Amino acid sequence: MGPLDAIWHLFNFLLAPLGLGLIAASLCKLAWWRPLRAVRWSRLALPAAGAAVLIQIIFLVWLGRDGRMLTYGAQVVGTALALWWTAFGPRRRRSSTG
């Protein structure tokens, strides 16, 4: 495999999890626009995409190949958990009324 082929393989390997993280963050920002008004999109997208990429790598090592449905299901769950933790988790600052 040449260097250009290796770059294409890496690009295609990372495209699905990065796309999932970015699209999920956008949909989260649209669905809960009032509670997330003060949260930047990048603050949601980076952990979501990072979780999806990390899960992709872990499942590649564990299962020996990528593209398994178990991997994609785990990416969806991991992305959702990362978005919840970032957007509504216990570390999020709550505004006090009063």
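Excluded from the calculations below are hydrogen atoms, water molecules and symmetry mates; all remaining heavy atoms, backbone and side chain alike, are included. Computed from a predicted model, the values in this text were never measured in an experiment.
- Evaluation of the side chain to side chain donor-acceptor pair (under 3.5 Å) rule for Trp8 yields no partner, not counting sequence neighbours.
- Counting heavy atoms from C-beta outward, Leu81 and Trp85 have side chains that stay 4.5 Å or more apart.
- The distance from the CG atom of Leu22 to the CG atom of Leu18 is 6.5 Å, given to the nearest 0.5 Å.
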Distance-only check: which donor-acceptor pairs under 3.5 Å involve side-chain atoms of residues 43-58, not counting sequence neighbours?
{"unit_1": "Gln56", "atom_1": "OE1", "unit_2": "Gln75", "atom_2": "NE2", "d": "2.4"}
{"unit_1": "Gln56", "atom_1": "NE2", "unit_2": "Phe13", "atom_2": "O", "d": "3.2"}

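- The shortest non-hydrogen separation linking His9 to Met1 is CD2-CE, 3.3 Å.
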Expected list for residues 66-74: side-chain donor-acceptor pairs under 3.5 angstrom, two or more places apart:
none

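- When hydrophobic clusters are built by joining Ile, Leu, Val, Met, Phe, Trp and Tyr residues whose side-chain heavy atoms come closer than 4.5 Å, directly or via intermediates, Trp84 is grouped together with Val39.
- For Trp32, the CH2 atom counts as loosely surrounded, since its 6.0 Å shell holds 12 or fewer non-hydrogen atoms of other residues, nucleotides or ligands.
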